[in-house]
*Asks:* 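Can you keep this structure in mind? I'll have questions shortly.
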Amino acid sequence: MSDTVRVRFAPSPTGGLHLGGIRTVLYNYLFAKQNNGKFIVRIEDTDQTRFVAGAEEYIFNCLKWIGLEPDESPIHGGNYGPYRQSERKEIYKKYAEQLIKDGFAYYAFDTPVELEKMRHDFKTEHNPSQQYDHNVRMKMCNSLTLSADEVNKLLSNKEVKSVIRIKMPEKKIVSFTDLIRGEISFDTSVVDDKVLLKADGMPTYHLAVVVDDYLMKITHAFRGEEWLPSAPVHVLLWKYLFGLDQMPQWAHLPLILGSSGKLSKRDGLKYGFPVLAMNWLDPKTGVMANGFKELGFVPEAFINFLALLGWNDGTEQEIFSLEELIEKFSIERIHAAGAKFDYEKAKWFNHEWLKKLTATDLKEKVAAILSAQSIETKDNSYLCNVIDLVKDRCILLTDFYEQSLFFFKTPEQFDTESILSKWDESKKEFFIDWQIQLMNLPTWTSSALESNFKELAQQKNIKQGDLLLPLRIMLVGRKFGPPVFQIAELLEKKETISRIKTVLANLNS
RNA sequence: GGCCCGUUCGUCUAAGGGCUAGGACACCACCCUUUCACGGUGGUGAUACGGGUUCGAAUCCCGUACGGGCUACCA
């Protein structure tokens, strides 16, 4: 193992990147940055039958959006490439053959049909799925049961497909120390002879992860808890191939759970919340899965709540910037139990971040949301003023549309219903007079507007409170939004007067 | 079925032998606000169960139950 910390995120490009994957990226990134190490992305595309067009590009787009860029990857370069396993095919064969030479692995010639037959024949109530293990390996077609001549004949026959399997020892205890769970041990008798090299010459995950972690000098390996059962295979491969002293330190991350078990891409569709970082259009099914980005999450919030799903710094702080996370993150404080994803809490984080971020931080994102609805955002300072006024009442970025629409477009409908019951001649006169006064108001500020409004109300002996709702309806169209005189200030004289007149005419008819 | 991991309010979690088990989300009530929010105050609500160890256990050990993961020439 080298001195520099080197960690990797190793996704399989088979579809959208979901919460669990992003959190693994995050923890890798935080740990790397905290230790002045390197964060590597390696594409694990050894299963050619699961190739999905665009999936790799999508992964990198997601990383870009959340701002966690790798130091090394197929597109970022680096000295330990290639970073796509499909481009490293030739490397793995050598190691697999070495294992055979050393007696730790063997060739197997069983066809899929034969494997299925074996599983069927051995199936009992107590053993519903027989593995290819020490109990059956001597009854199968492989280099342990065949003579050397027969094996060589089969290997040289192009028609015959073969794989290389690890030969799991019997009754050995394999153990290792997990950074999150402590010591974990397994009885090798109950682990099967996993395929290491497939018939198409590609390695399986088990071989590839060990070989590549070694060649890429990975020091700490983070992965989901679902990998724990195959860890003894990997530990043994490290022992056989490179020595246990070279093995990275493992940390098996707790799973992120949906409402029933491991969070799946299907959960999103089922429960109406996103599980992917960004929108993903499945090229095979044509189904679009929602992403946090498009739903209106800011990356700061997305990262923040994912970091806290299974980790905390021991204090009561919940809002962390990326810089703070880099500083405070620690593997020891990762919770061992799985965490159920709570969309309501995710939205709360986003709300907190919208309040925290400045108008300057947000303006481009808000402008994009508005222009997607064909709304022109006028000049920059106007947009920033609007953002400052409404951002506290937005939970998602997309809420800016509804919350700020009336600043950019005259409302098409006015909720006159709400004021009609208390509407009378005196109020009508008030607004007629007021809009005339407004034309000559020397300074157009919210406080000037308010005092002028108050004065006229007093003169006419009308309660100011009874006039505020009508004014709001005139300017906003509905019963919501920021303080009404601040709205008028931003709308400016011409538009303010025009809206008042419109509603007055409306109420007349 | 077997193996592995886990178990504190509905959810995310704090408390790593010692105060009435703390906080956050959500929910409810009140206050603030002549709109809607923000904000503030308070409330409901948890150590799965049974044994041990100990002066003392949410915390350590064992068992049970429950939950989850894995059990492919997928990762």
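None of these values were measured; they are calculated from a predicted model. Every chain is numbered from 1 and lettered A, B, ... according to where its sequence line falls, protein lines coming before strand lines.
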*Asks:* Taking the minimum atom-to-atom distance to the side chain of A:D47, which one of B:rG1, B:rC74, B:rC25 wins?
*Replies:*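 Among B:rG1, B:rC74, B:rC25, the one nearest the side chain of A:D47 is B:rC74.
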*Asks:* Would you classify A:G224 as touching base, sugar-phosphate or nothing, given that sugar-phosphate means primed atoms plus P, OP1 and OP2, and contacts are heavy atoms under 4.0 Å?
*Replies:*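 Since no nucleic acid heavy atom lies under 4.0 Å of A:G224, the category is nothing.
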*Asks:* For a quick check of understanding: with a heavy-atom distance under 4.0 Å over all strands, which category does A:P11 fall into, base, sugar-phosphate or nothing?
*Replies:*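 The answer is nothing, as A:P11 stays clear of every strand by at least 4.0 Å.
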*Asks:* Return a table of donor-acceptor pairs under 3.5 angstrom between the side chains of residues 306-318 of chain A and protein atoms on other chains or two or more places apart.
*Replies:*
{"unit_1": "A:W311", "atom_1": "NE1", "unit_2": "A:S330", "atom_2": "O", "d": "3.2"}
{"unit_1": "A:N312", "atom_1": "OD1", "unit_2": "A:G314", "atom_2": "N", "d": "2.7"}
{"unit_1": "A:N312", "atom_1": "OD1", "unit_2": "A:R333", "atom_2": "NH2", "d": "3.1"}
{"unit_1": "A:D313", "atom_1": "OD1", "unit_2": "A:T315", "atom_2": "N", "d": "2.9"}
{"unit_1": "A:D313", "atom_1": "OD1", "unit_2": "A:T315", "atom_2": "OG1", "d": "2.7"}
{"unit_1": "A:D313", "atom_1": "OD2", "unit_2": "A:T315", "atom_2": "OG1", "d": "3.2"}
{"unit_1": "A:T315", "atom_1": "OG1", "unit_2": "A:Q317", "atom_2": "N", "d": "3.1"}
{"unit_1": "A:Q317", "atom_1": "OE1", "unit_2": "A:K328", "atom_2": "NZ", "d": "3.3"}
{"unit_1": "A:Q317", "atom_1": "NE2", "unit_2": "A:I319", "atom_2": "O", "d": "2.8"}
{"unit_1": "A:Q317", "atom_1": "NE2", "unit_2": "A:E324", "atom_2": "OE2", "d": "3.0"}
{"unit_1": "A:E318", "atom_1": "OE1", "unit_2": "A:K345", "atom_2": "NZ", "d": "3.1"}

*Asks:* Determine the interatomic distance between P on B:rG16 and the same-named atom on B:rU7; round to the nearest Å.
*Replies:*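 To the nearest whole Å, 16 Å.
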*Asks:* Between B:rC70 and B:rA15, how far apart are the P atoms? Round to whole Å, please.
*Replies:*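 Per the computed distance, 29 Å lies between those P atoms.
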*Asks:* Given the C1' atoms of B:rA75 and B:rG39, what is the spacing between them in whole Å?
*Replies:*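 Here B:rA75 and B:rG39 have their C1' atoms 48 Å from each other.
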*Asks:* Taking the side chain of A:W227 as heavy atoms from C-beta outward, which of B:rA75, B:rU71, B:rC73 is closest to it?
*Replies:*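 Minimum distance to the A:W227 side chain belongs to B:rA75.
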*Asks:* Could you state the CZ-P distance from A:R50 to B:rA75, rounded to the nearest angstrom?
*Replies:*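 These atoms are roughly 7 Å apart.
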*Asks:* Enumerate the protein-to-nucleotides 62-67 of chain B contacts in which both atoms are nitrogen or oxygen and the separation is below 3.5 Å.
*Replies:*
none

*Asks:* Between A:F480 and A:F109, who's closer to the 5' end of RNA chain B by nearest nucleotide?
*Replies:*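 Looking at RNA chain B, the more 5' nearest nucleotide goes with A:F480.
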*Asks:* For a quick check of understanding: with a heavy-atom distance under 4.0 Å over all strands, which category does A:R119 fall into, base, sugar-phosphate or nothing?
*Replies:*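 Touches sugar-phosphate only.
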*Asks:* Please enumerate all protein N or O atoms sitting under 3.5 Å from an N or O of nucleotides 32-34 of chain B, with distances to 0.1 Å.
*Replies:*
{"unit_1": "B:rU34", "atom_1": "N3", "unit_2": "A:G465", "atom_2": "N", "d": "3.3"}
{"unit_1": "B:rU34", "atom_1": "O4", "unit_2": "A:G465", "atom_2": "N", "d": "2.9"}

*Asks:* Just call it for A:T46: base, sugar-phosphate, or nothing, with non-hydrogen atoms closer than 4.0 Å on any strand.
*Replies:*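 The residue A:T46 makes sugar-phosphate contact but no base contact.
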*Asks:* When all nucleic acid strands are considered with a 4.0 Å heavy-atom cut-off, which category describes A:R165: base, sugar-phosphate, or nothing?
*Replies:*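 Here A:R165 touches the backbone only, sparing every base.
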*Asks:* What nucleotide among B:rU35, B:rC73, B:rG68 has an atom nearest to a side-chain atom of A:L257?
*Replies:*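 Out of B:rU35, B:rC73, B:rG68, the nucleotide with an atom closest to A:L257's side chain is B:rG68.
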*Asks:* Are there any protein N/O atoms within less than 3.5 Å of an N/O atom in nucleotides 42-49 of chain B, and if so, which ones and at what distance?
*Replies:*
none

*Asks:* What is the nucleic acid contact for A:A199, judged by heavy atoms within less than 4.0 Å: base, sugar-phosphate only, or nothing?
*Replies:*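 It contacts base atoms.
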*Asks:* Select base, sugar-phosphate, or nothing to describe what A:D193 touches, counting heavy atoms under 4.0 Å on all strands.
*Replies:*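 Here A:D193 touches no strand at all.
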*Asks:* Using the benzene-type ring in the case of Trp, are the ring centres of A:F292 and A:F302 under 6.0 Å apart?
*Replies:*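 Ring centroids of A:F292 and A:F302 are less than 6.0 Å from each other.
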*Asks:* Name the closest nucleotide to the A:K262 side chain, picking from B:rG69, B:rU71, B:rG6.
*Replies:*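 Out of B:rG69, B:rU71, B:rG6, the nucleotide with an atom closest to A:K262's side chain is B:rG69.
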*Asks:* Return the nearest nucleotide to the side chain of A:L255; candidates are B:rG68, B:rU13, B:rA75.
*Replies:*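 Of the candidates, B:rG68 comes closest.
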*Asks:* Are the aromatic rings of A:F480 and A:F406 close, with centres under 6.0 Å apart?
*Replies:*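 Ring-ring flag for A:F480/A:F406: true, centres closer than 6.0 Å.
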*Asks:* Which part of the nucleic acid, if any, lies within reach of A:P483 when heavy atoms closer than 4.0 Å are counted: base, sugar-phosphate only, or nothing?
*Replies:*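 Since a base atom lies under 4.0 Å of A:P483, the category is base.
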*Asks:* Look at the side chain of A:P229 and decide which nucleotide, out of B:rC73, B:rG69, B:rU7, has an atom nearest to it.
*Replies:*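 Of B:rC73, B:rG69, B:rU7, B:rG69 is nearest to the side chain of A:P229.
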*Asks:* Of the residues in residues 179-186 of chain A, which ones touch RNA chain B at a heavy-atom distance under 4.0 Å?
*Replies:*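 Correct list: A:R181, A:I184, A:S185, A:F186.
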*Asks:* Hey, is NZ on A:K347 packed in by over 12 heavy atoms from elsewhere, all under 6.0 Å?
*Replies:*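 Yes, NZ of A:K347 has more than 12 neighbouring heavy atoms, counting only those of other groups under 6.0 Å.
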*Asks:* Between the base of B:rA72 and the side chain of A:K194, is there a donor-acceptor distance below 3.5 Å?
*Replies:*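 Looking at the base of B:rA72, it does not pair with any donor or acceptor on the side chain of A:K194 (distance under 3.5 Å).
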*Asks:* Nearest to the side chain of A:E226, which nucleotide is it out of B:rC73, B:rA75, B:rU7?
*Replies:*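 For A:E226, the side-chain atoms sit closest to B:rA75.
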*Asks:* Have a look at A:H252 and say if it touches a base, only the backbone sugar-phosphate, or nothing, with a 4.0 Å heavy-atom cut-off.
*Replies:*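 It contacts nothing in the nucleic acid.
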*Asks:* Taking the P atom of each, how far is B:rG1 from B:rG56, in whole Å?
*Replies:*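 About 39 Å, rounded to a whole number of Å.
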*Asks:* When the C1' atoms of B:rC55 and B:rA14 are compared, how many Å lie between them, rounded to an integer?
*Replies:*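 Roughly 27 Å separates the two C1' atoms.
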*Asks:* Using the C1' atom as the point on both nucleotides, what is the distance between B:rG43 and B:rG50, in whole Å?
*Replies:*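 Looking at atom C1' only, B:rG50 and B:rG43 are 34 Å apart.
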*Asks:* Quick one about A:E495 and A:T410 (side-chain donor to acceptor, distance below 3.5 Å, no hydrogens or angles considered), yes or no?
*Replies:*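 Judged by distance alone, the side chains do pair up.
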*Asks:* With rounding to whole Å, what would you report as the distance between B:rA24 and B:rC36 at their P atoms?
*Replies:*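 Per the computed distance, 25 Å lies between those P atoms.
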*Asks:* I'd like the C1' distance from B:rC25 over to B:rG45, given in whole Å.
*Replies:*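 Roughly 13 Å separates the two C1' atoms.
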*Asks:* Dump the pairs, protein N or O against N or O of nucleotides 38-41 of chain B, anything under 3.5 Å, distances to one decimal.
*Replies:*
{"unit_1": "B:rC38", "atom_1": "O3'", "unit_2": "A:K355", "atom_2": "NZ", "d": "3.0"}
{"unit_1": "B:rG39", "atom_1": "OP1", "unit_2": "A:K355", "atom_2": "NZ", "d": "2.6"}

*Asks:* Centroid-to-centroid, A:Y95 to A:Y214, below 6.0 Å?
*Replies:*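 Here the rings of A:Y214 and A:Y95 have centres that are no less than 6.0 Å from each other.
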